[in-house]
Structure formats: structure tokens, C-alpha cells
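Encoded as C-alpha cells, the structure appears first; notes follow it.
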Amino acid sequence: MEYSFIDIEQKWQKSWKDNGTYSVSNDSDKPPFYVLDMFPYPSGAGLHVGHPLGYIASDIFSRYKRLKGYNVLHPMGFDSFGLPAEQYALETGQHPADTTEKNIATFKRQLDKIGFCYDWDREVRTSDPDYYKWTQWIFLKLFNSWFDHDLKKARPMETLIERFEKEGADLTLKHTPSIFTAKQWAEFSKAEQADVLMHYRLAFSAYGEVNWCEALGTVLANDEVVNGVSERGGHPVVKKKMRQWYLRITDYADRLLDGLHTVEFSESMKEMQRNWIGKSEGAELDFKVHSELTSNNSTEAEPKNITVYTTRPDTIFGVDFLVLAPEHEMVQQLTTADQQEAVATYLSYVKSRSDRERMADTKHITGCFTGAYAVHPFTENKVPIWIAEYVLSGYGTGAIMAVPCGDQRDFLFASHFNIPITNIIGHHFTGNEAHPSKEAVLENSGFLTGMIMRDALPVAIDKMVEMGIGKRKVNYKMRDAGFSRQRYWGEPFPVKWLDGVATAQDENQLPLTLPHVEKYGPGPEGEGPLANIASWKEQQYETSTMPGYAGSSWYFLRYMDPKNSNAFCDRKASDYWGQVSVYIGGTEHAVGHLLYSRMWTKVLHDLDLIGFDEPFRRLVNQGMIQGSSRFVYRIKGTQTFVSYGLIKNYETDKLHVDVNIVNGLELDTSAFKKWKPDFASAEFILEEDGKYICGSEVEKMSKSKFNTVNPDDLVLKYGADTFRMYEMFLGPLDQSKPWDTKGIEGVHRFLRKLWRLFYDEVNGKIWSEETPSAAELKVLHKTIKKIDADTEHFYFNTAISAFMVCVNELSDLKCYKKVVLEQLLVILAPYAPHITEELWHALGHEISVLDVTFPVFEEKYLTEQTKDYPVSINGKTRTNILIDLNAEQSEVEALVLSNEVVQKWMEGKTPKKIIFVKGKMVNVVV
RNA sequence: GCCCAGGUGGCGGAAUUGGUAGACGCAGCAGACUCAAAAUCUGCCAUUCGCAAGGAUGUGCUGGUUCGAUUCCAGUCCUGGGCACCA
């Protein structure tokens, strides 16, 4: 009897569906276990082999936990708001809702073929009004909450208003724009009060910079800006200030850091989040602007101080200049008359540069002197004030004190502009490069001279505080998260602008549904497409929409109670399931999505809406499946293609070619001619052996690079079980690897070989009721042990090789015994659910192999008496000697030294030392 | 530029706690079965010297620690991911 995977897979997929095998109840005696995938954005290109990698892993794990006796929640849904659907709408005029619907249908059909155990009754879609009603509802919670720094938690705005009514605000209250008394508060106008409150709301509105493209009249995503111009049309892009919504995630910075101690994320993942949050401790320090300036710019009465942020106040005596971010608010005021023109030129240059360019391009040192000077607070020397793009306005105070002898960027800047460098660390500073250290002894440093820098740090701060020119300051690299987009395909804000005051809508009126628009282009003044709708504008609704991450910041909660129309998630449901037990997804979400969803969870927890404040107990990262692109080389201006080995002789253009018409590196030239009409008349210059060899490169898998492989084709040809196991067999889950279909045959052969343990071509059924031998039980239990441990740790590639070893060994032993085989089926079921279900029922079982218990490994079958010890002389293995496992050092030494090979290598010398590690090895040192 | 990860045969990878480098699989080679093919089975398969026995070299590169290093440390090169409006 043949292994006909197509029939088997169809049969069981239908059976599981009909019997509701995967439906999950919130009411069970079993302990809950929640396995979650990062839900996909349903792109128009459909699923490629990269998508299922994590889904297969989570599916295996879910089934494994089910066999281990858990009630497993394993849902799937779609992150269906987003930019690509809108861009597609712009190009084709098709409504994003329609294309999204279509794409989701394709995704679901493709996912189902792979045999995942999702409970589709719990599916969520972020673009569904029944879903985004609750996204808007949570937004209102954020809007109506503030972060109480005394209690370190979010509280309703009413509590803050009460406080203002009773006590007003003093400087101890973070964020307050001014100090006021209770009486003054009462006298504020509504707009003034709203303005103060806006400084506290967790979702707030403020002005911020966006990528502005004048020619397109629209705001662009970073992704849409390539080399400083718009991707569409290649128009110039500049930064522009616009009113935006933000989430006050910075208030949660410390809790986001602390929370990392309570979760199982990889150390590198935690490290990335810590670096993103970027907590640093230092000081803010005021520099007086030199009085010369007042005479130059006499209109300004009093020169302000420049406040810099530094993590190294100990290096204060090494300050040779100050640098302001070009966007710093004091730049205009500081610039002297003769520097006006130079500064203006520099500012227009900076406006065209992205933050990324500004940080990455350290080879070109740019900057401009303002003409102004500050006064050093201790030496009273004149310190020139510069502006430069390497100082970013968003970090610290947007101004730094430059210490060239200790900071490499400052050093390069000083060298480039010939600014004299003060040395405060003696011989540590060579004059060729900066010496960034905290261990050097300070010289030439006034009251700090003679101290080690590390010790001088607090002394310096104390002195600055005492003089009233500085204070300790904790700083975060993380900024508040931009939360609005001038786009159509996202959640509308349930907010109206009444007399310039953002006014939250009543939650009973939710959802505020996304209205239909005629065109998807921008509104006037760079507003979103919603601004083109007269009725929307008349009602004074906010015209921007929420960003992609809004819906994905809480979807894991909705799965617990997906149909609830009275709450985002019933408290009983979230208390039953609790945190996500294991969350699986790519590291590309390391900082964005994970931080946002962690923040939302903390807010919901603070407001007592859920019982946990970290969403994900354990995080498993899968690597990216990369595409292996192939290239052909066309001689410029012709239809002649040159094989890779010969391209040096010609001037060629490099073109992507479909990987599916290339075998290894050899192009199928006739398939190539048929591939695109343009190439029908293609001619080739071939290698000596008559082949056309393609170039290759590893890149992101994408339709435009013609390097995608569709899982449907593979499932059709080899079956879902083979496909699932092959994806897992490729390598460690967390490692990125290029896709190569070549090896899939091996896994398919393995499943057929498994099949032949049950069925013989001639005799049909061959399994027996015989009692297994010790050797057979050893093979079985060795495998159970390995599979159990590897599955728990997501080491699926080694688990699969253990299955292969097991089936190879059972075949060699001609073991067709039911007792052994049925246990093998159970442990294999998570990996290959279809074939195991088929064989399990063939063995006579009525219930599904999903609902049995994972076999228990028993040590007694594995115990060994002896070991074939590797014996090395001076660390080089020379021979193996079979020794009793219980043998002690002295016995072993005697056995080893009497060995012929050992004696030969010892060349008659006496051993200095014999190292014996029980159960491992012996090493003789001569 | 900054942050994170990775670099082992022709290829994907294994060695999970410092202890026999190359498990398992692909590709390849030789053979068995077959009229033939497919399927299946058996053997070989890091490089190099050697008829062989056996030896030397070998985990990106340069050093270090150790009886012993793919594994630990320092430096360096290369590749991939992220860097705040792609998701």
C-alpha cells in the first residue's frame, strides 16, 4: 500500500474541520497554555515559504503542549490595516477593504493547506469595525489617562484634574508647562486647561517633524523615501512640522526596563530593547552665552542660557566648544550678523538630510559656527558655539558640550575645523584620536585635578548643583511614539477638534467607522484623505488615522474573547488565559511592536482592566527565510545575455531572473525566452561547457526580486507533512537562512520510510503485536527523550534528525511492533499530523492522535555498561579503548598505559599527568 | 555610524556543560534489483601525502587562556536584521 499523501491530508483536514478538533474552550479543567504567532499583514503577493516558518514552529509546539495535557489556545488573525493596501488603492482605485478581503481569503486558503491547528472561530482582523471599535476604545483610555510618577502608574485624568483643583501644580509634577495654584487653575479658560491637560495625556497631540513631499502634497513614510527623494516620482523630501498624535511611552521607560526581568526573551532581544530605551544617567548643565552677543543682537534683551545634556560632567574642563542641533530653538537668536548667511546655507542643507544619513555618514564632517560664544562656568574661557548635524534635536536637550580629547566624534569635529583641543587626561591623549575612558586621572581640571574620572563624576555634579548651574538628569534615547498618519487605511481617531480643543467622543458612539472616500490622495495642507470628505470636516473630526501598530498592540487579548460586543476582552477570559505563554515571531519586531504592546498591556493593567502587566511570558524568535536571487547579465542596449563567468568582458546590466527557471545556477534558456515577451528573441553568450550560469545573491524574499517560492506548489508535490518537516529541518529556528528547495526530497523519503514500517508493498499491513526487544526499546526511548527535550526548546531541526535516525534504526532492526510504532506516532504527531493520524487510526485507535498522552521516557532502557573512551596523547586523539563505565581513575590509567597505540605515541617517556573525565575521555600528557 | 545576530565539507547543518569536529539530510560517485525506468537497498564521500597501514592539516582571520578550544577571552574582516511613518 502506497503512502498517498494527497488523499490522507485531504481526508484528515476535512475530518478535523467537521469534528471541530481545533476549537478551544475558555472553560476547561486542563491548565491553559497560550501559543501565539505574530499575525501577518495580508499582502497581495500571498504567502511565500518564509511566512510559515514561525507558524509551523508554533503549530508543532501547540500540538506538543496539547499532548502534554494542556488546554491550548492557538489562534490566528490578520493585521489588515496598512500602507501597502492604500498604495495599491492609489494606483488601481480598488478599495483597500476589497483587496484586503481578497488577500485574507488567499492567506487562509494557503495556511489551511499546511494543516495548522488554528481555531478559526477566534480569528481577528484589525480592519474590522467590530475589532477597531475596541482599538478606538483603548485609545480613549489612553487619552483619558495620565502617568502618576509618584505611584508609577497610569490613572484616569479626573484624578489629575482633582489635584489641580485642590493644589494646582508645582515643579515636582513632571510635564507641567507652568506652575499654577488651584485658584489660577479655576481661572484658566477651557482652552488653557485643555492645553495643560494635553501635557499629561498618555495619548496626546503635539507638533512634530514629518517627511514632507511638496510635489506629492503628502507626508511620506521613511520606507517611501529613498536617498532623500520620494520613491514615487523621485521628488525632493524635506522635514516639516505638523500636528501629530503621540503615545507617552517615555513615561513607561523605567517599567519597560524593569519588566524585562520578568520575561523569558533572549538576552539579545532584551539588550536591543534596553538600547532602544537608552537610559543614561548624567547631568544637565547651563552655559551662559557670552555678553558680546548682546551687543551684536541688541534686540534680544537677555541672553538665555544654553542647557546641554552630558553623561560625562567629569570632563567639564575639557570642553572646547558647544554644539547645538541645527533645529535647536536658539540657533537664530545666537547667530551673529556675519554668520547669518553661512548658517542659513547650512540649515537648508541639513533639512534635506534624514536622521539616518546624519548618523551614518560620519566620514563627511559638517557643521557651522554661529559666531556666538558661551562662557565656561569654571574657567570663564570663551567657548565657541557651533551647530552640526551629528547632534540630534530629539535627544537630551539638543545641545552638547564637546570634549575632543575624550569623545571621538568631538575629536574629529575639532580636527576638521581646527578648533584647539584641551587635554585633561595627560599621556592618555595622543593627539591622534580621542581616548574615551572613565579610568584616567584628570589633569588640568581645576578642582577635579588628580581624581580618577569615575570618582570625579559625582563631585563635578555636586559642584554644579551647588552653584545652581546644573542638575542630575536621567535621560532616555526613546522618544514618545508618533501615533498618527496622514493616511486613509487605518483606524479613525474618535476625536473632534472643537474650537481648537481635541475632544474625545463618547465611548457609546464607537466604532467611529472609516467613511468611504472617492480618492485616496492626500487632503489639503498635507492632511490625510479623510480631509477630502466634506461631512467629515464639517463634524470637525480628526483627519489623520492611527498607525499600523495600533491594532497589533492588543490583538493577543482579543483572541481570548473575540466575539464580545460589550468589552474588548472579558476580565474572566483574560484571567483564565493570562499572559501569552509563548510568542513566536521575527526579530524585526524587536523594538517597535514589542515595546508598544508591552506599554499598552501596562496601561490596561494600571487601569485594572487586565490582571497582568507583561503580555508575553516567553518570546521565541524565528530567523528570516531569505530569498536566493538569480541574475542574468544583458549587454547594454541589446538582447544578448552573457553568462556570469564572462561578464568582465562586456558592459552589462544585471537583471533579476525568476529562480523557478534556474536549476542551481544554470539558466533554462528556453524557459527564459518564454518567461517574458521581451526576452523571446534573447541570445546567449555561454560558458565553454555550453551552459548559461547565473549570478546569485541572498536577499529579502520578495515578488519584485523574483526569488519567491510558493508553499502551495511544494504541498501539492510532496504533501503538507513533508513541507512542514522540511521547513523545520532547514536549520535552527532562530537562524536566518536562504531558501533552497533542493533538500526536500530527503524529508519526503523519511516519511515514506516511516510508512514502510507499517505497510509492505506485497503484504500490506505488516505490524505485529509482538513484544519488543531491549534494542528496540532502547531506540524508542532514546528518541522519546531527545524529541521531548528538543521540542520543548524549539530545536526542531535536531528533533527531525532524531526521527530519521530512529526510523533508520527501526528499519535496520526490522521492528514492526505495534507497541513501539504507536509511541513513535504520538511523538511525531506534532510534526507530521496527517500521516500520523492516518497510521494511528490504521493501528485500530478510535480517538485522534491529538488527544492522547505524550509517552514518558524511561531511563532503564538506556543504561550502558561500558564506554568506548577516546584516548588522546597531548590532546590529540590516537585511539579508542573500551572501558567499564564504573572504572575508577587508577584502573583506567593501567588499562590505557598498557595499550599498544598509547605506548607507541609515548615513545618510552613517562606520563606527566593523566586526565580522566568519567564518561567522556582520557588524555595522557607526556 | 550605532545596536543585535551569524561565519564549520560541494550545499543545509550537528557537536545543547571546554572533552572523538562533520550526526542527519541534499548533491555526487560506485554497485545491487529491473528488459528499462522509477522506487528501493548496499558502500564511498573535509583537504592533503601514501599502494596500504598510517600521517599532516582543518570550524572567517590574528593572537591569548587551557592537559585539551567550533565552544572561553582580546582584536579584526565579512554577511544578515533593526535604527522610530513598511509590517
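In what follows, every chain begins at residue 1, and chains take the letters A, B, ... in the order their sequences are listed.
On a pure distance criterion of 3.5 Å, a polar donor-acceptor pair joins the side chain of A:Q486 and the base of B:C85. A donor-acceptor contact under 3.5 angstrom links the side-chain atoms of A:Q244 to the base of B:C85. Counting distance only, with no hydrogens placed and no angle test, the side-chain atoms of A:N923 and the base atoms of B:C67 include a donor-acceptor pair under 3.5 Å.
The side chain of A:Q735 sits closest to B:G13 out of B:U20, B:G13, B:G81. Nearest to the side-chain atoms of A:I915 among the listed nucleotides B:C41, B:G19, B:U20 stands B:G19. Ranking B:C86, B:G25, B:G13 by closeness to the A:P732 side chain, first place goes to B:G13. When each of B:U16, B:G19, B:A14 is scored by its nearest atom to the side-chain atoms of A:N797, the top-ranked nucleotide is B:A14. With B:U20, B:A84, B:C4 as the choices, the nucleotide that has an atom nearest any side-chain atom of A:M272 turns out to be B:C4. Of the candidates B:C85, B:G19, B:C24, the closest approach to any side-chain atom of A:N808 belongs to B:C24. Of the candidates B:C11, B:C86, B:A87, the closest approach to any side-chain atom of A:D740 belongs to B:C11. Among the nucleotides B:C85, B:G19, B:U57, the one closest to the side chain of A:K920 is B:G19. The side chain of A:R749 lies closest to B:C26, out of B:C85, B:C41, B:C26. The A:K904 side chain lies nearest to B:G55 when the options are B:C24, B:G55, B:C3.
Nucleic acid contact for A:P738: none, since no nucleic acid atom lies under 4.0 Å from a heavy atom of the residue. Using a 4.0 Å heavy-atom criterion, one finds that A:S268 contacts the sugar-phosphate atoms exclusively. A:K912 comes within 4.0 angstrom of nothing in the nucleic acid, heavy atoms only. In this structure, A:K477 reaches the bases: a heavy-atom distance under 4.0 Å links it to at least one base atom across the strands shown. Here A:Y549 lies out of heavy-atom contact (under 4.0 Å) with every strand. Residue A:V219 is in base contact, counting any heavy-atom pair closer than 4.0 Å across all strands shown. Residue contacts shown for A:Q626 are limited to sugar-phosphate atoms, with no base heavy atom under 4.0 Å away. When heavy atoms are screened at a 4.0 angstrom cut-off, A:R878 is found touching the sugar-phosphate backbone but no base atom. Using a 4.0 Å heavy-atom criterion, one finds that A:R756 contacts the sugar-phosphate atoms exclusively. Residue A:G82 is in sugar-phosphate contact alone, with no base atom involved, counting any heavy-atom pair closer than 4.0 Å across all strands shown. At the heavy-atom level, A:R409 lies nowhere under 4.0 Å from the strands shown. Here A:E792 lies out of heavy-atom contact (under 4.0 Å) with every strand. A:M478 comes within 4.0 angstrom of a base, heavy atoms only. Within 4.0 Å of A:N621, counting heavy atoms only, lies no atom of the nucleic acid at all.
In this entry B:G1 has B:C83 as its Watson-Crick or G-U wobble partner, both defining distances falling under 3.5 Å. With a cut-off of 3.5 Å on both Watson-Crick or G-U wobble distances, the partner of B:G6 is given as B:C78. Remark: B:A69 base-pairs with no nucleotide in the shown strands. Criterion, Watson-Crick or G-U wobble with two distances under 3.5 Å. A 3.5 Å limit on both hydrogen-bonding distances identifies no Watson-Crick or G-U partner for B:A21. For B:U47, the paired nucleotide is B:A56, the pair qualifying as Watson-Crick or G-U wobble because both relevant distances are below 3.5 Å.
Atom name P, nucleotides B:U65 and B:A74: the rounded distance is 15 Å, in whole Å. Distance noted for atom C1' between B:U17 and B:G1: 38 Å (whole Å). B:C33 and B:C26 are spaced 23 Å apart, taking the P atom of each and rounding to whole Å. Nucleotides B:G13 and B:U70, compared at atom C1', are 13 Å apart to the nearest Å. With P as the reference atom, B:U59 and B:U20 are 16 Å apart, rounded to whole Å. Using atom P as the reference point in both B:G28 and B:U34, the two lie 24 Å apart (nearest Å). Only the P atoms considered, B:A52 is 34 Å distant from B:G19, to the nearest whole Å.
Atoms OH (A:Y718) and P (B:C26) sit 12 Å apart, rounded to a whole Å. Whole-Å rounding puts the A:D734 CG to B:G7 P distance at 11 Å.
B:G60 adopts an anti glycosidic conformation, its chi angle falling more than 90° from 0.
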- For A:F803 and A:Y831, run ring-ring contact (aromatic ring centres under 6.0 Å, His included): C-alpha distance rounded to whole Å, both residues' side-chain angles, the deciding distance at 0.1 Å, then the answer. CA-CA 10 Å; A:F803 280 124; A:Y831 292 81; 5.2 Å; yes
- Task: Decide yes or no on ring-ring contact (aromatic ring centres under 6.0 Å, His included) for A:Y520 and A:Y488, but give the supporting numbers first.
- Result: CA-CA 7 Å; A:Y520 304 95; A:Y488 172 69; 5.6 Å; yes
- Message: For A:W554 and A:Y596: C-alpha separation, side-chain torsions, deciding distance, then whether ring-ring contact (aromatic ring centres under 6.0 Å, His included) applies.
- Response: CA-CA 9 Å; A:W554 72 282; A:Y596 301 136; over 10 Å; no
- Message: Let's go through A:Y726 and A:H748 carefully: what are the C-alpha distance in whole Å and the side-chain angles of both, what is the deciding distance for ring-ring contact (aromatic ring centres under 6.0 Å, His included) to 0.1 Å, and is it a yes or a no?
- Response: CA-CA 8 Å; A:Y726 181 57; A:H748 193 58; over 10 Å; no
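Side-chain atoms of A:Y390 and A:D410 include a donor-acceptor pair closer than 3.5 Å. Side-chain contact, A:T708 with A:H48: no donor N or O sits under 3.5 Å from an acceptor N or O.
Put simply, the side chain of A:R598 does not reach to within 4.5 Å of the side chain of A:Y252, judged on heavy atoms.
Using bins of under 30°, 30° to 60° and over 60° for the plane-to-plane angle, the ring pair A:H793/A:Y795 lands in the parallel bin. Classified by interplanar angle (parallel below 30°, tilted 30° to 60°, perpendicular above 60°), the ring pair A:F39/A:Y555 is parallel.
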